[in-house]
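Everything below concerns the one structure shown next.
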Amino acid sequence: MTIITIDIPDNDTAQVIAQLEKLGVSIRESKLDDLDKLTKEDYQKHFAHKANANRNNLSKYL
């Protein structure tokens with residue numbers, strides 16, 4: 001599955017979502033209010049976790 005993030009103007013949201021659903025696209029809306037509350041530590045934890053996961057996945061192929 002490929003994940004794409006798009007910004008839709010507020011006045012066209014319902015129309016765009018309806019068209020995407022007709023095409024079989026699964027839609028998940030993000031909680032933008034929570035983005036303002038994220039701190040530098042949250043980002044560091046996130047990227048540290050992703051780096052460890054990538055490292056573990058790559059070690060399987062070496």
Side-chain angles (χ1 to χ4, degrees):
M1 177 189 314
T2 302
I3 298 173
I4 299 173
T5 303
I6 59 173
D7 293 325
I8 304 171
D10 289 337
N11 56 347
D12 295 332
T13 303
Q15 246 181 337
V16 172
I17 288 175
Q19 289 296 322
L20 290 172
E21 286 176 342
K22 284 181 185 176
L23 296 171
V25 176
S26 65
I27 298 172
R28 178 180 53 124
E29 293 186 45
S30 63
K31 309 251 186 289
L32 294 177
D33 295 338
D34 295 342
L35 292 178
D36 293 337
K37 297 175 188 171
L38 293 177
T39 63
K40 182 178 178 179
E41 291 79 20
D42 294 329
Y43 285 104
Q44 288 174 339
K45 286 179 195 174
H46 170 74
F47 287 109
H49 174 73
K50 284 193 70 88
N52 287 333
N54 287 339
R55 205 173 295 118
N56 290 338
N57 287 337
L58 288 174
S59 67
K60 293 177 188 176
Y61 298 104
L62 295 177

Flag side-chain contact, heavy atom, 4.5 Å: Arg55 against Asn52:
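The answer is yes, as the side chains (C-beta and beyond) meet within the 4.5 Å cut-off.
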Neighbour count >12 (heavy atoms, 6.0 Å) for atom CD, Gln15
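It does not: Gln15 CD has 12 such atoms or fewer within range.
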Minimum heavy-atom distance between Ile27 and Leu20, given as atom pair plus value
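For Ile27 versus Leu20, the nearest heavy atoms are CD1-CB, 3.9 Å.
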Could you state the interatomic distance from CG (Asn54) to NE2 (His49), rounded to the nearest 0.5 Å?
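The NE2 atom of His49 is 9.5 Å from CG of Asn54, to the nearest 0.5 Å.
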